Visitor: 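I am attaching a structure below and will ask some questions about it afterwards.
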Amino acid sequence: MLCPMSYDVSVIRAAFPALDAGCAHFDGPGGTQTPRPVIDAIAGALAAPLSNRGTTTVGEANAEKIVLEARAAIADLVGGDAGGVVFGRSATALAYDFSRMLSATWNPGDEVVVTRLDHDSNIRPWVQAAEHVGATLRWVDFDPATGELPVGNVVSELSENTRLVAITAASNLIGTKPRLAEIASHVHAVGALLYVDGVHFTAHELPDVETIGADFYTCSPYKFLGPHLGALVAAPSLLETLMPDKLLPSTNDVPERFEFGTLPYEMLAGVTAAVDYLADLDPTATGSRRQRLEQSFSLLHVHEDMLLGRLEAGLAAHEQVTVYSRAAERTPTILFTVDGHDAVDVYTFLAKRGVDAPASNFYALEASRALGLGDEGGVRVGLAPYSSEDDIDRLLAGLAELLA
Ligand SMILES: Cc1ncc(COP(=O)(O)O)c(C=O)c1O
């Protein structure tokens, strides 16, 4: 059997100019730092002739190529169809756009299911859309003691009236990864659609929208080393059934009809570079980009698991520290509080020591309240491909100093 290549984090770190500032970054779940190839791709797009999409001039052809390449990159990343990749300002903006379109066919008596584990961007747009049309809202709870969101909790809220279930692939607060494939089969059995927030998940796991059973899957490249925008992936045939309010001269083609105004071409060049960078995390990976992504994510798991073990052992050594990330299946994202210290004080104390571990509810407001942390939340420590043992040790040293 071939031994997996080991992960050389020093090579990875050298590609991130922002790390030269010396900070230990645990704020990846809020947004990752950017590697040089992504920066270069964005600058390169702007340095070359760049016009609106078309085929006549070099500038038009460059824009066209950038868009098609970015759709192909996201499709490879999530296992979807490039013709069903919609780019938007953010995952939140896409959720609002799609909630308005989808709810246009809902009626009083129809039901919409949301969870208390989700980021508010996959709750509030559905809550408000349901309110506007008089549809009934159903809430799915997770277990704050275990962090688990059992499949049965979703199933018990489904009925023949369910039109849509909105659920996260992974909690950005405590990392929980619900069993989505199982949930999807129940959702589809009642004829409803599944809208999956993959924003946090995609930073750590290689999604396969087919296996997951997501009818709609969103992600945000700035969570996985890319620029600040959002993407939604769905089957082109499903997108064909939806018509947004749109400008008259703009195309009715899918997916373009969902992309209002001019796309941010330079950012899209950065998206492709980010996916290519992820595919090359394992320098020995071979095959198609999707295959290289699979190999690279496997290697990334080994690295993140090792760091997570070190981090969890260090936190467990302090009886004043309570860790809320407890689900059996979860991302390397730890939420904790410290007895006798406000979360913001811990964050500030660590920040003064060059450790960036922010404190908030991180817009997972319902989850934070369900955990008993109110609107204040806790300190969140997230790992990223550039996280190192030294980062973990600096965090733990800062915490030890606080508690001394
Ligand atoms: C799980 C999750 N969903 C959605 C969002 C919102 O993403 P965007 O900023 O692209 O709207 C975030 C951002 O933190 C998130 O972590």
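Whatever order the structure lists them in is the order used to number ligands and atoms, beginning at 1. Worth saying up front: this structure is predicted, and the values here are computed from it rather than measured.
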Visitor: Mind checking what makes side-chain hydrogen bond (donor to acceptor under 3.5 Å, both in side chains) contact with Gln295, not counting sequence neighbours?
Guide: none

Visitor: Using only heavy-atom distances, determine whether the side chains of Asn252 and Lys246 contain a donor-acceptor pair under 3.5 Å.
Guide: yes

Visitor: Which residues pass the side-chain hydrogen bond (donor to acceptor under 3.5 Å, both in side chains) test with His119, not counting sequence neighbours?
Guide: Ser121

Visitor: For ligand 1, which of its N or O atoms have a protein N or O partner closer than 3.5 Å, and how long is each gap?
Guide:
| residue | atom | partner | partner atom | Å |
| --- | --- | --- | --- | --- |
| ligand 1 | 3 (N) | Asp197 | OD1 | 3.3 |
| ligand 1 | 3 (N) | Asp197 | OD2 | 2.5 |
| ligand 1 | 9 (O) | Tyr222 | OH | 2.5 |
| ligand 1 | 10 (O) | Ala91 | N | 2.8 |
| ligand 1 | 10 (O) | Ser220 | OG | 2.7 |
| ligand 1 | 11 (O) | Ala91 | N | 3.3 |
| ligand 1 | 11 (O) | Thr92 | N | 2.8 |
| ligand 1 | 11 (O) | Thr92 | OG1 | 2.5 |
| ligand 1 | 14 (O) | Lys223 | NZ | 2.6 |

Visitor: By the ring-ring contact (aromatic ring centres under 6.0 Å, His included) test, which pairs, at least two apart or in different chains, include something from residues 368-404?
Guide: Phe16-Tyr386

Visitor: When you look at Ser171 and Arg330, which way does the side chain to side chain donor-acceptor pair (under 3.5 Å) test go after all the steps?
Guide: CA-CA 8 Å; Ser171 159; Arg330 58 190 162 81; over 6 Å; no

Visitor: Taking atom CD as the centre, does Gln320 end up with more than 12 heavy-atom neighbours from other residues, nucleotides or ligands that are less than 6.0 angstrom away?
Guide: yes

